[in-house]
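Quick notes on the structure that follows.
All ligand and atom numbering here is 1-based and tracks the order in the structure.
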Amino acid sequence: MEKTLEQISSLCKRRGFIFPSSEIYGGLNGFWDYGPMGAELKRNIRDAWWRFTVQWRDDVVGLDATIIMNPRIWEASGHVGGFADPMVDCKDCKKRHRADQLCEEQGLKLVRDGKAWKLPEGCKCTACGSANLTEPREFNLMFKTYVGPVEDDSSVAYLRPETAQAIFAQFLNIVPTSRKAVPFGVAQSGKSFRNEINPRNYTFRSREFEQMELEFFIRPDEAVELICGHVATLADNPDLSGDPQEDWGWEVWHRYWVEQRLKWYRLAGLPEQDLHLYWQKKDELAHYARACVDIEYAFPFGVQELEGIAARSDFDLTQHQKHSGKSMEVMDDRLRLACAAKSDEEKAEFKAKVVADWTARGKDAAAAEAFCDGLFQGRYVPHVIEPSAGTDRLALALLCNAYDEEKLVDSKGKEDVRTVLRFSPSLAPVKVAVLPLVKNKPELREKARELYRSLRRRWKCAWDETGAIGRRYRRQDEIGTPFCVTVDFDTLGEEHPELKDTVTLRFRDSMEQVRVPISELAAKIDASMEL
Ligand code: ATP
């Protein structure tokens, strides 16, 4: 079925998933709140991502850093100088646009002229059609604030525009305390803030949002070569579904993480045909990036980015090394031992090769030599692969994917439409609804309460005793509850002792109902959870 953002946002409002922030005061553009169901959904996404990325692996640890950090971090990262979007104003209707998006909407491309941006011929305001637009100017997206009682230049700080930088800034604390050696990763999820010029598409582009980011540190290819004698590339057809291998170069690691992240989205319930990969072209890449791929999802408003996975070389740690004056090098024992076993000739030959390679890429020969000398002692600044995802974007994608209106015909031939959110059970806000068939029979109600109390220790459960059972099922369908459990007279076993302690288990998607013993319920529910 065709789904529109209006249908989805209307259900989200009605069923307590998403509300405009500060709604009683007219809201605030670019800010959204998650209601009772949305809060559960987002928490499930965050927790499942953590399990998949950190808990189920041996080589990733976590971090929970502050939102406001020393502003020098953002100087080192390049955000103070360069985290800006080009902005244009319509001089007639006063509407403000992000220049690249304005061009894109009209099938045009914004032009970079040295440091300045230029609008291409024919670009118009999409709100009023006027061609009377200002020249594009850069607008820094970071929210500024002041730390402490004095508001002056020395107290300026920023709300983080990404969670990733804290991982680099804490690298030197994490390495010795985690007892991990490269290759290993650090994951963090949390709030980020960007003063977007034009928030839009519901929660897709917000000014306050959450990210789930991983910095996965790897050896520079030169270190891999010294240890393994060669560097595996994609041309070697490495097996990306098995365990990572020591001879993998950055290219293989990058592709491995693309595959891992696709696996995550599949487990989260997004169908293969709605997931797309967009490989950034050479001229679109940041100067330090070797490759970047966006995982995109077919939203009702177009195919748009869910996550970016970048191979960022040693750019970030090197920047922090320069700006903080602290060495970001790690000591790699495998490398040190491999080099100790090499002859001086072998090392000289290796060095000559690296110098030739670096200078061919426009880099400094002296830097290449110093880098090799470090490697021979087992030292280097790690490179990094960065899968960076948006929690709110995934929540929106899951809502769009789950939304369904199903036409039904009842036994009397009457047509009806069932609205249902087909979430994967692991991410559904409520896993099980416990429904006593009637509420005026105390033994039956107590039996149902007892079951509810035991299930809710493990899963978020709902209790609903009001209205006809069919209506109650429909209410659960609308919030995506995968299982409904009805406790009825047979559960008490008064008339049919053989049915004592059995319940009706009703499945959301098929609406099938089966009779199961209470003792088998938990295992059945558990078996449906993939994340
Ligand atoms: P864009 O080009 O769309 O502004 P970006 O490519 O700069 O975004 P990244 O900096 O790569 O985005 O951020 C990583 C992830 O964080 C994105 O893939 C997205 O899921 C999420 N994200 C970024 N900006 C926003 C936002 N304004 N609202 C919601 N999620 C966001």
Side-chain angles (χ1 to χ4, degrees), residues 18 21 28-34 38 42 45-46 49 53 74 77-79 82-87 97-105 110 138-143 158-168 187-215 257-258 261-262 264-265 268 270 275-281 284-286 288-289 291-297 299 301-312 315-316 384-400:
I18 301 173
S21 159
L28 187 62
N29 192 11
F31 294 87
W32 298 93
D33 290 343
Y34 288 80
K42 240 176 109 170
I45 294 173
R46 223 185 274 129
W49 176 82
T53 314
W74 306 111
S77 68
H79 283 81
F83 190 59
D85 279 340
M87 173 170 79
H97 303 273
R98 211 172 106 177
D100 53 332
Q101 291 174 351
L102 183 70
C103 294
E104 213 176 283
E105 284 164 29
L110 186 68
E138 300 243 300
F139 173 73
N140 193 299
L141 299 182
M142 282 199 294
F143 279 100
Y158 303 95
L159 304 190
R160 67 181 178 202
E162 59 171 46
T163 61
Q165 284 307 315
I167 296 174
F168 301 122
Q188 167 162 242
S189 81
K191 290 272 190 182
S192 290
F193 302 81
R194 296 182 188 180
N195 200 0
E196 298 281 357
I197 295 167
N198 204 354
R200 58 182 180 171
N201 289 334
Y202 198 26
T203 57
F204 179 84
R205 187 173 300 286
S206 311
R207 288 178 165 142
E208 175 174 340
F209 55 96
E210 267 185 63
Q211 291 182 306
M212 303 180 289
E213 298 194 291
L214 168 66
E215 299 301 332
W257 278 109
V258 174
R261 302 303 302 144
L262 284 170
W264 152 255
Y265 287 111
L270 297 182
L275 292 169
H276 300 263
L277 289 184
Y278 176 78
W279 289 86
Q280 287 188 11
K281 310 211 171 55
E284 294 169 323
L285 288 175
Y288 48 79
C292 187
V293 58
D294 293 340
I295 298 183
E296 302 177 322
Y297 171 75
F299 286 97
F301 46 85
V303 175
Q304 299 272 343
E305 174 180 336
L306 278 178
E307 161 160 357
I309 304 160
R312 298 177 61 87
F315 175 76
D316 306 275
V384 77
I385 308 290
E386 177 188 84
S388 167
T391 316
D392 309 77
R393 286 203 184 163
L394 178 52
L396 183 59
L398 293 175
L399 281 160
C400 292

Trp32 and Tyr202 aromatic ring geometry - parallel, tilted or perpendicular at 30°/60° bounds: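 The rings of Tyr202 and Trp32 stand perpendicular, inter-plane angle above 60°.
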
Criterion side chain to side chain contact (heavy atoms under 4.5 Å, CB included) on Glu213 and Glu307, from CA distance to verdict: CA-CA 9 Å; Glu213 298 194 291; Glu307 161 160 357; over 6 Å; no

Residue-ligand contact Glu196/ligand 1, heavy atom below 4.0 Å: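 Glu196 counts as a contact of ligand 1 under the 4.0 Å cut-off.
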
Proximity to ligand 1 by part of Arg98, non-hydrogen separation under 4.0 Å: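 Looking at Arg98 and ligand 1, just side chain atoms fall under 4.0 Å.
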
Polar atom proximity, Leu306 to ligand 1 (N or O, under 3.5 Å):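 Yes, there is a polar N/O contact under 3.5 Å.
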
Nitrogen or oxygen atoms of Glu213 and ligand 1 under 3.5 Å apart: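 Between Glu213 and ligand 1, no N or O pair is found under 3.5 Å apart.
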
Pairing of Lys42 and Asp392 as salt bridge, 4.0 angstrom limit: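 The answer is yes: the pair qualifies as a salt bridge.
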
Charged N-O contact under 4.0 Å between Glu196 and Arg207: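 Arg207 and Glu196: not salt-bridged.
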
Nearest-0.5 Å distance that lies between atom CG in Leu396 and atom CZ in Phe209: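 It comes to 14.0 Å.
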
Main-chain N/O of Phe204 paired to Arg393 side chain as donor or acceptor, under 3.5 Å: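 Confirmed, Arg393 side chain pairs with Phe204 backbone.
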
Charged tip of Arg261 within 45° of Tyr265 ring normal and under 6.0 Å: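 Ring-cation test returns yes.
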
Per [atom], closest listed option by heavy atom ([options]):
| atom | options | value |
| --- | --- | --- |
| atom 9 (P) of ligand 1 | Arg194, Gln101, Glu307 | Arg194 |
| atom 4 (O) of ligand 1 | Gln304, Glu296, Arg205 | Arg205 |
| atom 30 (N) of ligand 1 | Phe193, Phe209, Tyr297, Phe83 | Phe209 |

What residue and heavy atom of the protein are closest to [atom], and at what distance?
| atom | answer |
| --- | --- |
| atom 18 (O) of ligand 1 | Glu305 OE2, 2.6 Å |
| atom 21 (C) of ligand 1 | Gly390 CA, 3.8 Å |
| atom 14 (C) of ligand 1 | Ser388 OG, 3.0 Å |

